[in-house]
Amino acid sequence: MSKWKQVLTQQAKEYGQKEVAKTLGVSKTVVSQLINGNYPGDMARMQKLVEGAYMNRTVNCPVMGEIPLHQCDRHQKNTVTSNPLKLRLYRACRGGCPHSTQPEIAQFKRIAVRAEYPNDNSPKRYCAEATYNRLERQSQTDGGGLKQLCSLLKGELKALELRYNALLQQTSGSEKNEQ
């Protein structure tokens with residue numbers, strides 16, 4: 001028996017199949033079939049779910065930063081686009097994320113921020129105040145309060161970190177090419 005199946009079986013014994021199914025985001029029947037070796041579906045996906053939930057396997061999400069593998073899978077199934085964070089996840093998962101199993105949709109490109117002047121081709125500015133105000137409104141609208149606001153800010157900072165580091169990498173790459 002593979003390691004992930006042993007972990008799944010152990011978790012089901014300790015907490016029950018219903019609780020394990022809830023954690024993995026699957027039905028209790030799926031957990032039972034996996035334990036008994038009768039599951040007819042995608043075993044690779046089930047392995048990723050178990051490894052993410054119980055074996056601390058993570059991926060680096062372009063929107064959320066480092067997250068457990070089972071949460072990555074859950075975000076890929078997202079179809080809600082009225083929440084700004086979920087919209088970013090939806091676009092990232094369908095826009096070429098290396099961890100996504102969703103088909104890539106070419107129409108999803110990064111939303112451009114308006115330049116200061118309409119015909120200005122200079123780099124777009126990041127406005128921390130506007131971002132904070134947007135996240136604060138989102139937190140109030142969702143009824144999450146201060147705790148959710150902190151969580152949203154953390155996600156925004158992670159995304160900003162990824163963009164900044166990518167820019168640094170591009171800059172250092174172009175400097176090497178000039179030499």
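Numbers here simply count residues along the sequence, with the first being 1. This one's a predicted model, so the numbers in the text were calculated from it and none came from an experiment. Heavy-atom basis, side chains included; hydrogens, waters and symmetry copies ignored.
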Worksheet item: Any donor-acceptor pair under 3.5 Å linking the side chain of T58 with the backbone of P68?
Response: no
Item to complete: Using atom types as modelled and distance alone, determine if a side-chain donor or acceptor of N78 lies under 3.5 Å from a backbone N or O of K86.
Response: yes
Worksheet item: Taking only residues two or more places apart in sequence, or in another chain, which ones meet S2 in a side chain to side chain donor-acceptor pair (under 3.5 Å)?
Response: W4
Worksheet entry | Approximate separation, where rounding is to 0.5 Å, of T101 OG1 and Q76 CD | 4.0 Å
Fill in: Gap between atom CE of M64 and atom SG of C72 - 0.5 Å precision
11.0 Å
Discussion item. I'd like to know if the side chain of E66 and the backbone of V59 have a donor-acceptor N/O pair within less than 3.5 Å.
Written reply: no
Fill in: Validation row: L8, I35 side chains within 4.5 angstrom (heavy atoms)
yes
Fill in: Results of side chain to side chain donor-acceptor pair (under 3.5 Å) for E51 - residues two or more places apart only
Q47, R57
Worksheet item: Given the rule that I, L, V, M, F, W and Y join up when any side-chain heavy atoms are under 4.5 Å apart, are V30 and L69 in one cluster?
Response: no
Worksheet item: Salt-bridged, R88 to E156, with N to O below 4.0 Å?
Response: yes
Discussion item. Tell me if a side-chain donor or acceptor on H70 pairs with a main-chain N or O of A53 at a distance below 3.5 Å.
Written reply: yes
Discussion item. Under the rule for side chain to side chain donor-acceptor pair (under 3.5 Å), what residues qualify as partners of N36, not counting sequence neighbours?
Written reply: S32
Response to the item:
Heavy-atom closest pair (V7 atom, Y54 atom, distance to 0.1 Å) is CG1-CB, 3.6 Å
Practice prompt. May I ask you to test the V50-L24 pair for a side-chain heavy-atom distance under 4.5 Å?
Written response: yes
Worksheet item: At what distance, to the nearest 0.5 angstrom, does CE of M55 lie from CD of Q11?
Response: 10.5 Å
Item to complete: Hey, could you give me the OH/CG distance between Y90 and L85, rounded to the nearest 0.5 Å?
Response: 15.5 Å
Worksheet entry | side-chain hydrogen bond (donor to acceptor under 3.5 Å, both in side chains) pairs, two or more places apart, involving residues 12-23 | Q10-E14
Worksheet item: Do V26 and M46 come close enough that some side-chain heavy atom pair is under 4.5 Å?
Response: yes
Worksheet item: Which distance, rounded to the nearest 0.5 Å, do you find between the CG of L87 and the OG of S82?
Response: 9.0 Å
Worksheet item: For R45, which residues count as a salt bridge (Lys or Arg N to Asp or Glu O under 4.0 Å) partner, sequence neighbours excluded?
Response: D73
Worksheet item: Just wondering, do Q33 and P40 contact through their side chains at under 4.5 Å, heavy atoms?
Response: yes
Discussion item. Side chains of N60 and I67, heavy atoms from C-beta outward: is any pair under 4.5 Å?
Written reply: no
Worksheet item: In the hydrophobic clustering that connects Ile, Leu, Val, Met, Phe, Trp and Tyr at side-chain heavy-atom distances below 4.5 Å, which members other than L162 occupy its cluster, ordered by chain and number?
Response: none
Worksheet item: How far apart are the closest heavy atoms of S100 and C93, and which atoms are they?
Response: OG-O, 2.6 Å
Fill in: Side-chain heavy-atom pair C150, K154 within 4.5 angstrom cut-off
no
Discussion item. Working to the nearest 0.5 angstrom, can you tell me the gap between N38 CG and T29 OG1?
Written reply: 12.0 Å
